[in-house]
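What follows is one structure encoded as structure tokens, with my remarks underneath.
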Amino acid sequence: MLLTSLLRIYLTRSLKPFIFEGGMEEPLAYEALEDLGLYVHIPFCRSICSFCPYCKELYDRAKAEAYRDALLQEIDLVCHTGRTPQKATSLYFGGGTPALMIDDLKAVIDKLKTYFILQDGIGVELHPDDVKDDVLEKLRLAGVTMVSIGVQSFDPECLRKLGRSPEDAAGKIALASTYGFEVIDADLIFAIPG
């Protein structure tokens with residue numbers, strides 16, 4: 001954790017930590033946007049990676065169910081029931097680890113489809129541990145067209161420095177390719193110490 005913090009300070013030339021703040025004092029008039037992309041954040045993780053600056057917490061089933069219910073209510077609240085569906089270029093689920101809520105993603109996708117016409121597909125970030133047949137099948141059945149696998153590095157020593165166990169990343173990518181996703185990408189981290 002200390003090494004990651006020092007590296008962040010060196011790379012950003014700032015002592016300030018990553019802070020994500022809301023800057024929307026007024027509601028966003030998204031109906032007027034021409035290139036609207038949708039992002040849904042799933043903040044739950046099996047473990048907390050020291051290199052990740054995003055909003056996250058350890059997975060708890062009860063919290064995840066409450067989050068799902070609040071998310072579905074928020075979509076209705078923000079999107080105003082009864083209006084004409086608007087075009088959106090894409091829908092992307094990030095995190096955290098969205099696959100921890102794999103059985104809820106279709107409900108969220110279906111709810112958003114009542115308000116938006118998704119033109120260019122649906123993407124989901126995946127931890128390599130979640131690249132397995134049952135998860136990939138559920139993603140395809142939910143309409144997901146793109147998966148982004150958080151490989152971080154193909155080098156076992158770099159993975160160790162990041163607190164990750166070495167894994168068969170190439171095998172995970174190959175498995176995902178058998179499910180017919182339009183896009184499969186691998187997230188990689190640069191400037192890993194050493």
Side-chain angles (χ1 to χ4, degrees), residues 18 20 28 30 33-47 49 51-56 59 64 67-68 71-72 74-75 78-79 85-156 158-159 162 164-192:
F18 291 119
F20 296 91
L28 176 65
Y30 64 87
L33 299 175
E34 292 182 27
D35 290 323
L36 176 66
L38 305 174
Y39 174 80
V40 176
H41 188 74
I42 306 295
F44 302 107
C45 300
R46 277 185 208 84
S47 61
C49 297
F51 57 83
C52 177
Y54 300 106
C55 176
K56 72 263 181 197
Y59 176 79
Y67 186 80
R68 174 205 58 219
L71 179 59
L72 294 172
E74 182 76 7
I75 292 168
V78 171
C79 295
Q86 178 180 350
K87 292 179 182 177
T89 56
S90 59
L91 168 60
Y92 190 78
F93 289 87
T97 307
L100 290 174
M101 292 182 65
I102 189 69
D103 294 321
D104 300 312
L105 295 185
K106 184 164 181 3
V108 175
I109 292 167
D110 289 345
K111 175 68 76 171
L112 286 166
K113 283 183 172 181
T114 64
Y115 299 106
F116 298 96
I117 301 164
L118 302 175
Q119 298 177 306
D120 294 331
I122 301 169
V124 175
E125 289 180 0
L126 290 175
H127 186 286
D129 290 346
D130 295 313
V131 180
K132 46 192 175 186
D133 290 308
D134 61 326
V135 171
L136 296 169
E137 181 65 25
K138 287 178 181 181
L139 291 174
R140 286 299 294 158
L141 291 174
V144 171
T145 58
M146 180 265 216
V147 293
S148 179
I149 304 170
V151 171
Q152 314 315 357
S153 177
F154 288 95
D155 182 277
C158 287
L159 288 171
L162 293 171
R164 286 275 186 95
S165 299
E167 59 226 5
D168 179 17
K172 302 283 186 170
I173 293 168
L175 175 61
S177 71
T178 66
Y179 280 83
F181 295 104
E182 293 173 18
V183 177
I184 299 169
D185 73 36
D187 289 344
L188 300 173
I189 294 180
F190 71 95
I192 298 170

task: Apply salt bridge (charged side-chain N to carboxylate O under 4.0 Å, His left out) to Lys106 and Asp110, showing your working.
output: CA-CA 6 Å; Lys106 184 164 181 3; Asp110 289 345; 2.9 Å; yes
query: Should the ring pair Tyr39 and Tyr92 be called parallel, tilted or perpendicular, given that the plane angle runs from 0 to 90° and is split at 30 and 60?
result: parallel
Ile109 vs Phe93 side-chain heavy atoms within contact, under 4.5 Å: yes
message: To check you understand the geometry: which heavy-atom pair defines the closest contact between Ile192 and Cys158, and what is its length?
response: CD1-CB, 3.9 Å
message: For a 4.5 angstrom cut-off between non-hydrogen side-chain atoms, does Leu118 reach Leu38?
response: yes
query: Atom CG in Leu100, atom OH in Tyr59: separation rounded to 0.5 Å?
result: 6.5 Å
message: If you compare all heavy atoms of Cys79 against all heavy atoms of Phe116, which two are closest, and at what distance to 0.1 Å?
response: SG-CE1, 3.6 Å
statement: Heavy-atom closest pair (Thr97 atom, Cys45 atom, distance to 0.1 Å) is OG1-CA, 3.9 Å
- prompt: Could you walk me through whether Val108 and Ile75 pass the side-chain contact (heavy atoms from CB on, under 4.5 Å) check?
  reply: CA-CA 9 Å; Val108 175; Ile75 292 168; 4.1 Å; yes
task: Report yes if the side chains of Leu71 and Asp104 come closer than 4.5 Å at any heavy-atom pair, otherwise no.
output: no
- prompt: How close do Ala107 and Leu72 get, heavy atom to heavy atom, and via which atoms?
  reply: O-CD2, 3.8 Å
message: Quick check: closest heavy atoms across Pro98 and Leu105, and the distance to 0.1 Å?
response: O-CD1, 4.1 Å
task: Walk me through it: do Met101 and Tyr67 pass the test side-chain contact (heavy atoms from CB on, under 4.5 Å)?
output: CA-CA 10 Å; Met101 292 182 65; Tyr67 186 80; 4.2 Å; yes
task: Please check if the side chain of Gln119 supplies one atom and the backbone of Lys87 the other of a donor-acceptor pair under 3.5 Å.
output: no
task: Would you check, one step at a time, whether the test side-chain contact (heavy atoms from CB on, under 4.5 Å) holds for Ile173 with Ile184?
output: CA-CA 7 Å; Ile173 293 168; Ile184 299 169; 4.2 Å; yes
Closest non-hydrogen atom pair, Val151 against Leu159: O-CD2, 3.5 Å
message: Is there a side-chain contact (heavy atoms from CB on, under 4.5 Å) between Arg164 and His127? Walk through the geometry before answering.
response: CA-CA 11 Å; Arg164 286 275 186 95; His127 186 286; 3.5 Å; yes
query: Between atom SG of Cys55 and atom CD1 of Ile42, what is the distance when rounded to the nearest 0.5 Å?
result: 11.0 Å
message: Looking at Gln86, I want to see if its CD is surrounded by more than 12 non-hydrogen atoms of other residues, nucleotides or ligands under 6.0 Å.
response: yes
With a 3.5 Å cut-off and sequence neighbours excluded, list the donor-acceptor pairs that the side chains of residues 135-150 form with protein atoms.
| unit_1 | atom_1 | unit_2 | atom_2 | d |
| --- | --- | --- | --- | --- |
| Lys138 | NZ | Asp103 | OD1 | 2.8 |
| Arg140 | NE | Tyr179 | O | 3.1 |
| Arg140 | NH1 | Val144 | O | 3.0 |
| Thr145 | OG1 | Ile122 | N | 3.0 |
| Thr145 | OG1 | Ile122 | O | 3.3 |
| Ser148 | OG | Asp185 | OD1 | 2.5 |
| Ser148 | OG | Asp187 | OD1 | 3.0 |
| Ser148 | OG | Asp187 | OD2 | 3.3 |

query: Would one find more than 12 heavy atoms of other residues, nucleotides or ligands at under 6.0 Å from atom CG of Asp35?
result: no
